[in-house]
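Reading through the structure tokens given below for one structure.
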Protein chains: 2
Amino acid sequence: MEKETTIYDIAKLLNLSPATVSRALNDHPAINSNTKRIITATATEMGYRSNTFASNLRRQRTNTIGVIVPRLNSNFMSTVLAGMEKVANKSSYNLIISQSLESVKKEVANAKTMFNSRVDGLLVSVAYDTEKTDHFDAFTKKGVPLLFFDRVLDHKQGTSIVIDNVKAGYEATAHLIGQGCRRIMHVTGSLKRNVYIDRLEGYRLALLEAGLPYEEELIRMTDLSEEAGIEAASHIQSMAGRPDGLFIANDFCAVSCMSALKRAGLSIPSDIAVVGFNNDPVSTVIEPNLTTIDYPGEKMGEVAAQSLINHLNGTMNIQTTNRIVLHSELIVRESSLKSAIF
Amino acid sequence: MEKETTIYDIAKLLNLSPATVSRALNDHPAINSNTKRIITATATEMGYRSNTFASNLRRQRTNTIGVIVPRLNSNFMSTVLAGMEKVANKSSYNLIISQSLESVKKEVANAKTMFNSRVDGLLVSVAYDTEKTDHFDAFTKKGVPLLFFDRVLDHKQGTSIVIDNVKAGYEATAHLIGQGCRRIMHVTGSLKRNVYIDRLEGYRLALLEAGLPYEEELIRMTDLSEEAGIEAASHIQSMAGRPDGLFIANDFCAVSCMSALKRAGLSIPSDIAVVGFNNDPVSTVIEPNLTTIDYPGEKMGEVAAQSLINHLNGTMNIQTTNRIVLHSELIVRESSLKSAIF
DNA sequence: TTGTAGGCGTTATCAG
DNA sequence: CTGATAACGCCTACAA
């Protein structure tokens, strides 16, 4: 375990002052380009690596971005994170990632940790049951930029990156109606979350436009888990007026529901047409392939990280833009095609 | 943007020395418990948060663990990461995560960044084509513990966490043989990686034991992507002596291959029995459900992180244990059951 | 273009 | 049990 070389060591060796070395290493304009060359050369030769803490301590910034997500291990989220990592890495920012596991309590704890780690900025997608935004106030109070993505909150100072969930929900439902469905069930998540309430709103609008009634009993709030899909399926079987269309706000749940319906002898789409959400890889594995909304996860991660970084570098002000909407799209597959026009 | 409170502010207010405040805040045993109480109370009241950099600078450690993975957005990896995050969070370590995107070049760059970030330890699963281990030498030279998981390297000082891939490969193959398969094709990844070469070895052993010939033409090295599965399927159809069994080293690839085979009119398992690897959620979506090897991703992440942390805390020495093997298990489903004994 | 000097906030050592 | 003091390594006024 050798000792670390510091700018002092380099300075001593070259008979220069540490200040000059520091400046040279940071490519300061006021340093003779020749001295610069010599300094950087000996620096690498001596195996010098800049001490981030000393630098951070001095500069009061960390080059670190905090990320809080509900879960790491969902296809969507890991794709988002992949996008963020790409961008952050390119701009030499580090990512500190933590998961709330869908619990506000843990989200609050995570926020606190991030705060103490003094992240330069924070990217958040909130948990299932988060309602208040207090735990993020500390950040805005200290001027740490806050950016919500996908599951966003109405925070006075937070910018958000989303897709148009109303439109997506509308398209999904309108498509089912276009296929002749008249009783469409909607399986969704917590209506505290924009993503779900907005999709529901889109659903409602589509029904309204088509002159179809909005019935409470056709709306199921669940946690959109695998089990929820199975339960939804058995509920459907027990219903008096069985729905002929099904719009589930998450592919993974939709797929488990479809499997259960098929096991129960229903045929898709003829008995019941199904549309999911996310364009998860499983949607092309299930048979019939699942119609869904394509959701730009990686792009969302990239945009979120890039916006934050631009803001931090002063290239762009996030506080002025307070909402960025990404494009999403209905992808029609067999699970919803009643009219067999291929 | 208010000014930060420091231990000096607290000290001044309470007429104590900063040293005492520091000790109290760190729960030092030699401090009067009453003084401690008062100090912590006013600290929270003043909105004090410890400055990690100052602390790190002083202590020469970061409480940060670096993680380098091939990709963030695979079901397996994100599950591993979820496990790591849980453990790290509990022990108040931060995780800095980066992905190599299966390229050595990026892996080297990531390692460098991690090194400069002065992570306390490093968890690595190597890229598709990594061969040399030089880029990790800097860590061991500085005494930074290095732990490989899943895709490991033979590094003199690195500990590794794996499953017994030989055994798993053996079981998968032996199971197919037990179902009456006599020509078993094996689709695998880069043989530079322990996970794939070991599974191949297991495959070989099972054939050997059953007195079946090992044929080069039945081995396909691919990148195990979705496309690779489709190509494998079309290759199978073009073969003179069509295989009656198929062992694919990755569920995702296996599933796409199965779909393609089915589209081509082959029936599974009667024409060809299939076994995958990973127990990915898709394995229970595809029809018939895919027989696979259950692979403890979350556990692997937990064990990896915990071992590293224990080592860092001096609770356990990683250098002495240089290999931890987790349990894996064959899960039999319909894709491989030729004999219909359910 | 380069050097001097002070401080960022903590903690470890030594002394009381 | 508490205090004084000196680092940790870097950056930046200010001075030369």
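Atoms considered below: every heavy atom in the structure, side chains included; atoms not considered: hydrogens, waters and symmetry mates.
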Is the count of non-hydrogen atoms from other residues, nucleotides or ligands lying under 6.0 Å from A/D154 atom CG greater than 12? no
Side-chain heavy atoms of B/S98 within contact of B/V67, under 4.5 Å:
no
Practice prompt. Tell me, with the steps shown, if B/K90 and B/E85 meet salt bridge (Lys or Arg N to Asp or Glu O under 4.0 Å).
Written response: CA-CA 8 Å; B/K90 202 173 294 171; B/E85 196 276 343; over 6 Å; no
B/L16 atom CG is separated from C/dG16 atom C1', nearest whole Å, by 16 Å
B/A127 backbone acceptor or donor facing B/R193 side chain under 3.5 Å: yes
Here the distance between atom C1' of D/dG9 and atom CD of B/Q60, to the nearest Å, is 9 Å
Note: contacts of residues 44-54 of chain B with DNA chain C (heavy atom, under 4.0 Å) are B/Y48, B/R49, B/S50, B/N51, B/A54
Run the numbers on B/N94 and A/S117 for side-chain hydrogen bond (donor to acceptor under 3.5 Å, both in side chains), then give the verdict. CA-CA 9 Å; B/N94 281 326; A/S117 301; 3.1 Å; yes
Here the side chain to side chain donor-acceptor pair (under 3.5 Å) pairs for residues 62-84 of chain A, sequence neighbours left out, are A/T62-A/D120
Atom CG of A/N63 and atom C1' of D/dC11 are separated, to the nearest Å, by 15 Å
From CZ of B/R59 across to C1' of D/dG9 the rounded distance in Å is 17 Å
Atom pairs and distances, donor-acceptor, side-chain atoms in residues 19-29 of chain B, under 3.5 Å, two or more places apart:
unit_1	atom_1	unit_2	atom_2	d
B/T20	OG1	B/S17	OG	3.1
B/N26	ND2	B/S22	O	3.0
B/D27	OD1	B/K36	NZ	3.2

All stems that DNA chain C takes part in, i.e. 3 or more consecutive Watson-Crick or G-U pairs with distances under 3.5 Å, are C:1-16 with D:1-16
Main-chain N/O of A/S103 paired with A/Y128 side-chain donor or acceptor, under 3.5 Å
no
### Query
Can a side chain N or O of B/S22 be found less than 4.0 Å away from OP1 or OP2 on C/dG9?
no
Ion pair check, A/K112 and A/E107, cut-off under 4.0 Å: no
Whole-Å distance, A/N15 CG to C/dT2 P, equals 13 Å
(message) Looking at A/S17, I'd like to know whether one of its side-chain N or O atoms comes within less than 4.0 Å of OP1 or OP2 on C/dT2.
(response) no
**More than 12 heavy atoms from other groups under 6.0 Å of NZ on A/K106** = yes
- Message: Does a side-chain N or O of A/S55 approach OP1 or OP2 of D/dC10 to a distance below 4.0 Å, or not?
- Response: no
Assign each of B/Y8 and A/L57 the nucleotide of DNA chain D bearing its closest heavy atom; nearer the 5' end lies the nucleotide of B/Y8
Parallel under 30°, tilted from 30 to 60°, perpendicular over 60°: which one fits the rings of A/F136 and A/F148? perpendicular
Rounded to whole Å, the CZ-C1' distance (B/R58 to C/dC8) equals 14 Å
A/I7 atom CD1 is separated from D/dT12 atom C1', nearest whole Å, by 11 Å
Name each donor-acceptor pair under 3.5 Å that joins a side chain in residues 41-48 of chain A to protein atoms two or more places apart or in another chain, with its distance.
unit_1	atom_1	unit_2	atom_2	d
A/T42	OG1	A/I38	O	3.1
A/T42	OG1	A/I39	O	3.0
A/T44	OG1	A/T40	O	3.2
A/T44	OG1	A/A41	O	2.7

Expected list for residues 23-30 of chain A near DNA chain C, using heavy atoms below 4.0 Å, is A/R23, A/A30
note: B/I38, atom CD1; D/dC1, atom P; distance rounded to Å ~ 14 Å
Sorted by position of nearest nucleotide on DNA chain C, 5' first, the leading residue of A/S33 and A/A19 is A/S33
